[in-house]
Amino acid sequence: MVNLFIFSLLSSTIFYVCGSVFFLNSINKKQTLQEISSQSIYGIIFISLIALILNFFVPLTKQINSFFLVIFLFFFILYIKNKINLKKILFFSFLSGAFSFLLLVFSYIYNPDAGLYHYPYINILNNEKIILGLSNLHFRYGHISIIQYTSAFFNNFLFNINGIVIPLASLASFIILNFLFKILEGLKEKKINFHIIFLTLVLIYISYKMNRYSEYGNDAPAHFLFFFLISETLKNYNYNIIAQRFNLLLLSTFIFLNKITLGLVFLIPIALIKLKNFKQLNNISFYFSALLLLLWILKNIFVSGCLIYPSKITCIKKLDWTNITQTSKISIQSEAWSKGWSDRKNKQINMKDFNINFNWFDAWTNKHLKKINEILLPYVIFLIFIYLILTLMKTDKKRNKNIKRENKYNKKIILLVSLLGCVFWFLKFPIYRYGYSYIIITIVIIFSTIFYDKITYLNFEKQKKIILFLTILSLSVLFVKQVTRIAKNYDVQYNNYPWPKYFSFSKNNNQISLMSKKINGKLIYKSDEYCMYSKAPCSHESINIKISKWHNYLIFK
């Protein structure tokens with residue numbers, strides 16, 4: 001328990017340090033807490049990029065990860081230590097570390113995906129440099145998220161293997177605290193704007209439905225980041241607006257690399273960066289965005305033979321490891337399962353026909369739509385309840401002058417992109433976890449607009465009480481849910497083992513037994529159920545591959 005708490009604190013500090021190295025020119029002693037939290041989020045992006053680059057040449061071993069971590073710390077001490085407000089950094093590290101600790105302690109991992117391919121892929125990253133055709137061992141290795149690279153980097157001599165579970169919790173805590181700091185700064189300035197209302201309503205949703213580490217997997221990080229992107233788009237900037245808009249491009253790239261189904265996020269920075277601004281491409285965020293995207297596409301080609309897996313049209317057929325037949329099959333299967341294939345009434349229909357002409361709609365409504373309604377209705381009802389309270393409150397005849405003017409252009413862009421995202425999500429992959437940020441952002445933008453119109457006729461004290469009440473309520477729900485879960489799981493499911501388990505689902509996190517098969521001198525491991533973080537490379541599916549080498553790179557085909 002003590003180690004988990006200390007490691008949570010240290011990880012927050014490390015992410016801030018790496019973010020500082022990334023944005024060296026913007027570091028100063030006047031940084032606010034919300035800027036520090038933003039810096040830490042960019043630290044996650046920076047580490048992900050470094051880990052991605054390294055894995056093209058070497059495995060992400062403890063030695064390699066530790067070496068680069070020392071370099072970052074040395075650079076920070078040498079060039080940055082005198083530019084920061086140490087008290088604020090320590091305060092932020094304590095808050096975010098404490099929150100990460102609450103998310104992690106006695107938590108489950110995302111089941112079954114974490115056991116099937118999240119942790120097995122992290123294990124491969126820690127033991128092997130990039131493997132050509134890795135998706136032929138397990139198709140899910142073709143569409144992993146870049147957050148797995150961040151997790152793999154945290155397996156170092158400071159954290160050991162336990163470090164692989166930390167980044168997901170850190171990312172969630174950074175974004176939640178960032179929203180909180182922005183709300184508090186708005187209240188301190190006695191100026192409530194559309195952005196503050198948006199953040200409050202998103203924070204309500206997070207406390208309601210994004211409060212469990214066991215639910216994060218590869219989906220929640222991308223949705224958290226999408227909410228953060230919208231927040232950064234809506235806020236009023238105090239520094240170079242062009243540079244900030246290129247930061248939005250970097251965030252959009254990172255979101256896409258975590259969840260390709262959220263690819264429409266690119267429309268936001270593209271709409272905001274006017275054509276004349278593209279002449280100012282001499283910007284670190286632009287270069288990092290381009291580099292990150294190009295390297296990711298190259299990684300996809302190496303792993304699967306496709307630019308974007310499992311999109312058949314993006315595959316390069318001439319590569320030895322490209323499996324067009326499997327890619328096409330996986331693409332059709334993935335779409336069918338997201339549309340309710342298992343609940344279809346017509347058992348004679350094939351997957352390809354099921355996916356078209358809305359043949360899937362009845363099956364989807366029988367299960368997926370019901371689940372979506374169960375999630376969204378309580379949230380929407382609560383927002384309607386808030387609206388009714390606002391209508392009953394005594395208002396002034398004139399608008400409150402403390403209200404900041406909203407950025408209508410940005411709001412329209414966000415609403416348009418979220419609506420397009422909802423349509424795209426519904427037509428292609430209508431399972432809730434694949435695109436719920438599109439839906440939530442649409443709902444929140446609409447309700448924020450309604451609330452904004454109402455709240456402008458209230459005096460500041462009433463505005464402040466409403467925002468504070470909803471914020472405190474959200475944080476209280478988050479805290480109570482963590483404490484309730486900890487009390488429930490303590491010494492029952494986990495036998496006093498506080499870390500999320502990555503070796504197995506046993507009480508003591510014992511390593512599972514695996515079968516092995518030697519192919520051309522290389523051991524490949526197989527599990528009947530979950531590979532977890534056991535031995536690598538591993539698959540729970542039948543091993544039917546050939547292995548060759550090309551310039552010291554393994555090729556699976």
Side-chain angles (χ1 to χ4, degrees), residues 99 102-103 172-173 175-180 182-184 186-187 192-216 219-220 223-224 226-228 230-231 234 368-395 403 406 411 414-415 418-419 421-422 425 432-433 435-458 461-485:
F99 192 78
L102 284 175
L103 286 172
S173 65
I175 292 175
I176 291 170
L177 287 175
N178 180 269
F179 291 177
L180 175 63
K182 285 174 180 173
I183 291 171
L184 293 179
L187 295 177
I192 307 298
N193 58 10
F194 181 87
H195 180 213
I196 299 300
I197 298 171
F198 173 87
L199 290 175
T200 306
L201 300 191
V202 170
L203 204 55
I204 291 170
Y205 179 79
I206 290 173
S207 67
Y208 160 61
K209 199 57 189 172
M210 300 176 72
N211 54 69
R212 301 278 187 174
Y213 178 85
S214 60
E215 297 174 347
Y216 288 173
D219 303 305
H223 297 306
F224 268 117
F226 197 2
F227 294 146
F228 177 67
I230 302 304
S231 170
L234 288 172
H368 290 309
L369 182 59
K370 289 180 180 178
K371 183 177 180 180
I372 292 168
N373 287 336
E374 287 175 2
I375 294 170
L376 292 181
L377 279 178
Y379 180 61
V380 172
I381 289 171
F382 184 75
L383 296 184
I384 292 172
F385 177 74
I386 297 172
Y387 173 75
L388 293 175
I389 296 296
L390 290 175
T391 58
L392 295 175
M393 297 182 73
K394 187 177 180 180
T395 59
I403 292 285
E406 59 178 309
K411 189 180 75 171
I414 293 166
L415 184 59
S418 61
L419 285 171
C422 289
W425 164 83
Y432 187 70
R433 66 186 178 91
Y436 65 78
S437 52
Y438 287 134
I439 303 170
I440 297 303
I441 288 168
T442 302
I443 293 171
V444 170
I445 289 291
I446 292 171
F447 273 94
S448 295
T449 303
I450 297 169
F451 291 174
Y452 179 82
D453 184 63
K454 286 290 182 182
I455 206 169
T456 53
Y457 289 97
L458 298 176
E461 289 303 316
K462 289 182 179 178
Q463 296 169 4
K464 181 178 179 181
K465 287 179 181 178
I466 293 168
I467 298 298
L468 272 180
F469 172 77
L470 293 174
T471 302
I472 293 171
L473 177 64
S474 299
L475 295 176
S476 299
V477 170
L478 273 170
F479 180 76
V480 169
K481 287 206 170 190
Q482 303 312 315
V483 173
T484 303
R485 174 187 51 77

>> Holding to side chain to side chain donor-acceptor pair (under 3.5 Å), I want the full list of residues that pass it with Ser448, two or more places apart in sequence or in another chain.
In response: none
> With Lys481, which residues qualify under side chain to side chain contact (heavy atoms under 4.5 Å, CB included), at least two apart?
Replying inline: Asn211, Val477
> Under the 6.0 Å and 45° cation-pi test, does Lys209 pair with Tyr379?
Replying inline: no
All N/O donor-acceptor pairs, side-chain side in residues 198-206, below 3.5 Å, sequence neighbours left out:
unit_1	atom_1	unit_2	atom_2	d
Thr200	OG1	Ile196	O	2.8
Tyr205	OH	Tyr432	OH	2.6

> Should the pair Tyr387 and Phe451 be assigned to parallel (<30°), tilted (30 to 60°) or perpendicular (>60°) ring geometry?
Replying inline: parallel
>> Can you confirm whether Leu478 sits close enough to Ile176 that some side-chain heavy atom of one is under 4.5 Å from a side-chain heavy atom of the other?
In response: yes
> Taking C-beta and beyond as the side chain, do Ser418 and Leu415 meet within less than 4.5 Å on heavy atoms?
Replying inline: yes
> Who pairs with Ser214 by side chain to side chain contact (heavy atoms under 4.5 Å, CB included), at least two apart in sequence or on another chain?
Replying inline: Tyr108, Arg212
> Taking only residues two or more places apart in sequence or in another chain, which ones pass side chain to side chain contact (heavy atoms under 4.5 Å, CB included) with Phe469?
Replying inline: Leu473
> Is there side-chain contact between Phe179 and Phe228, with at least one heavy-atom pair below 4.5 Å?
Replying inline: yes
>> On a heavy-atom basis, which atom in Lys411 and which in Ile445 lie closest, and how many Å separate them?
In response: CG-CG2, 4.1 Å
> Taking the side chain from Tyr208 and the backbone from Ser474, do they hold a donor-acceptor pair closer than 3.5 Å?
Replying inline: no
> For Phe226, what residues pass the ring pair (Phe, Tyr, Trp, His ring centres under 6.0 Å) criterion, not counting sequence neighbours?
Replying inline: Tyr438
